[in-house]
Novice: 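One structure is given below, represented as structure tokens, and several questions about it will come after.
The chain is numbered in sequence order, starting from 1. Every value quoted in this text rests on a predicted model; they were computed, and no experiment measured them.
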Amino acid sequence: MPGGASEACVQGVDTGFVTLGYAKVAILGVVQGLTELLPISSTAHMRVVPGLLGWPDPGSAFSAAMQLAALAAVVSYYWRDVSGILVGSATAVARRDFDSPDFRFAVGIVLATVPIVVAGVLLSPVLNACGSPLRTLPVIAWACVVMGVLLAVAEIAARHRRPAGEARLRDMLMVGIAQVGALIPGVSRSGSTLTGALMLGFKRADAARISFLLGLPAILLAGLREIWILHKAGLGAQGWSVLGLGLVVASLSAFAAIWLLMRVLERFSAWPFVLYRIALGVGLLVALHAGLLAA
């Protein structure tokens, strides 16, 4: 049946993407880029889309390494914010102005990154293993539904009034703790951090801005770590070229995803993503029960 886990392993590292070739990886790159930064779970789509098309699972290594594409898109889209925080915090340190908004925001980003780094290291043997139990479709389906419900609660209960400039260290840490949920396939890094920021009362567009900027160190560390793991596993030249193509394509589609998310949040709300997530999760559970997809 379609939808099974990847069987391609290099020294215990899931490298199913190599067997897909350039054309299929380019298609999956578009899907990965769009879904990595929208709050709808890229991991879920990286399991579902290949399964529906009858392709092998590209593997967890592909999803992790492709986060570098999201990094490029976020830095490009928010370049003014990123450069302002870097220059502003460096200037603040030189002047010993530790009350500078840029310095405090930078400290908040670093503080918020600690929980997912610790959790990622502890769960690494399970997350990156071939045939990881967390990468099964039932887990992903339920994660989609639960995260969709939590995002709905954030839309209903939150005030949506606070600007990003009001973010305190405690707020950043809380969103950082929410980011840990992204380690569970199907939850979505964007979904967990956006939900956390909305729960704290931030305006929708500002919540998205906090979500993206806060996630930069974690995305960078996760992507570079996966590249290093693939290097140590002895990934061949073809594997690197296939991955490189996927990264380029995903970077372009990820930039489009940020633009789309901001337009939806500014003009509407997060409800379209709530409905999509729940429909996706329920659809997966129905398909699994009917035997249309394999776990």
Side-chain angles (χ1 to χ4, degrees), residues 36-41 67 70-71 74-75 77-93 97-120 146-184 187-222 258 261-262 264-266 268-271 273-274 277:
E36 177 69 36
L37 295 178
L38 293 178
I40 55 177
S41 176
Q67 292 184 61
L71 177 75
V74 172
V75 171
Y77 191 93
Y78 287 102
W79 175 244
R80 183 174 298 179
D81 290 298
V82 173
S83 60
I85 292 171
L86 291 175
V87 174
S89 57
T91 302
V93 170
D97 179 16
F98 301 120
D99 288 327
S100 163
D102 288 323
F103 177 78
R104 292 179 65 82
F105 200 88
V107 171
I109 290 175
V110 173
L111 180 64
T113 305
V114 174
I116 196 170
V117 169
V118 173
V146 171
M147 198 67 239
V149 171
L150 290 176
L151 186 55
V153 171
E155 271 294 341
I156 294 172
R159 294 180 295 117
H160 310 302
R161 295 176 183 172
R162 297 177 64 192
E166 289 186 4
R168 300 184 294 270
L169 292 180
R170 181 180 62 184
D171 297 318
M172 301 294 277
L173 179 59
M174 293 298 293
V175 178
I177 292 173
Q179 186 176 216
V180 174
L183 294 174
I184 301 174
V187 168
S188 162
R189 183 188 309 279
S190 174
S192 61
T193 53
L194 178 63
T195 300
L198 288 174
M199 289 278 196
L200 292 170
F202 289 99
K203 298 177 182 178
R204 295 181 181 90
D206 289 70
R209 176 172 172 260
I210 291 172
S211 168
F212 288 136
L213 294 176
L214 179 146
L216 286 177
I219 293 173
L220 175 63
L221 291 173
I258 299 177
L261 175 62
M262 298 305 292
V264 172
L265 292 178
E266 288 170 355
F268 304 102
S269 66
W271 278 106
F273 304 112
V274 169
R277 287 192 65 103

Novice: Residues two or more places apart in sequence or in another chain: which of them pass side-chain contact (heavy atoms from CB on, under 4.5 Å) with S41?
Specialist: T43, A44, S188, R277

Novice: What are the two closest non-hydrogen atoms of F212 and S190, and how far apart are they?
Specialist: CE2-OG, 4.3 Å

Novice: Any idea which heavy atoms bring I219 and Q67 closest together, and the distance?
Specialist: CG2-O, 3.0 Å

Novice: How about CE on M262, more than 12 heavy atoms from neighbouring residues, nucleotides or ligands closer than 6.0 Å, or not?
Specialist: yes

Novice: What residue pairs, at least two apart or across chains, pass side chain to side chain donor-acceptor pair (under 3.5 Å) with a residue in residues 147-160?
Specialist: E155-R204

Novice: How long is the straight-line distance from CG of L220 back to CG of L216, given to the nearest 0.5 Å?
Specialist: 8.5 Å

Novice: Mind checking the CG-NZ spacing from L265 to K203? Nearest 0.5 Å is all I need.
Specialist: 14.0 Å

Novice: Heavy-atom distance under 4.5 Å between the side chains of L261 and P39, does that happen here?
Specialist: yes

Novice: Keeping to residues at least two apart or across chains, list the salt bridge (Lys or Arg N to Asp or Glu O under 4.0 Å) pairs with something in residues 168-182.
Specialist: R162-D171

Novice: Extract all donor-acceptor atom pairs below 3.5 Å that involve side chains of residues 80-91 and protein atoms in other chains or at least two apart in sequence.
Specialist:
unit_1, atom_1, unit_2, atom_2, d
D81, OD1, R209, NE, 3.2
D81, OD1, R209, NH2, 2.9
S83, OG, W79, O, 2.8
S83, OG, R80, O, 3.2
S89, OG, I85, O, 2.6
S89, OG, L86, O, 3.1
T91, OG1, V87, O, 2.8

Novice: Can you measure from CD (Q179) to CE (M174) and round to the nearest 0.5 angstrom?
Specialist: 13.5 Å

Novice: Using 0.5 Å steps for rounding, measure from the CG atom of L150 to the CG atom of L198.
Specialist: 11.5 Å

Novice: What closest approach, in Å, do A178 and G196 show between heavy atoms, and which atom pair accounts for it?
Specialist: CB-CA, 4.4 Å

Novice: What's the separation between atom CG in L194 and atom CZ in R189, rounded to the nearest 0.5 Å?
Specialist: 14.0 Å

Novice: Measure the CG-OH distance between L37 and Y77 for me, rounded to the nearest 0.5 Å.
Specialist: 11.5 Å

Novice: Taking side-chain hydrogen bond (donor to acceptor under 3.5 Å, both in side chains) as the test, write out the residues that go with S211, two or more places apart.
Specialist: T193

Novice: Decide side chain to side chain contact (heavy atoms under 4.5 Å, CB included) for M199 and V175; before the verdict, give the C-alpha distance in whole Å, the side-chain angles of both, and the deciding distance to 0.1 Å.
Specialist: CA-CA 9 Å; M199 289 278 196; V175 178; over 6 Å; no

Novice: So, the side chain of D206 versus the backbone of A164: is there a donor-acceptor pair under 3.5 Å, distance only?
Specialist: yes

Novice: Could you give the side-chain donor-acceptor pairs of residues 98-115 under 3.5 Å, partners two or more places apart or in another chain?
Specialist:
unit_1, atom_1, unit_2, atom_2, d
S100, OG, D102, N, 3.4
T113, OG1, I109, O, 2.7

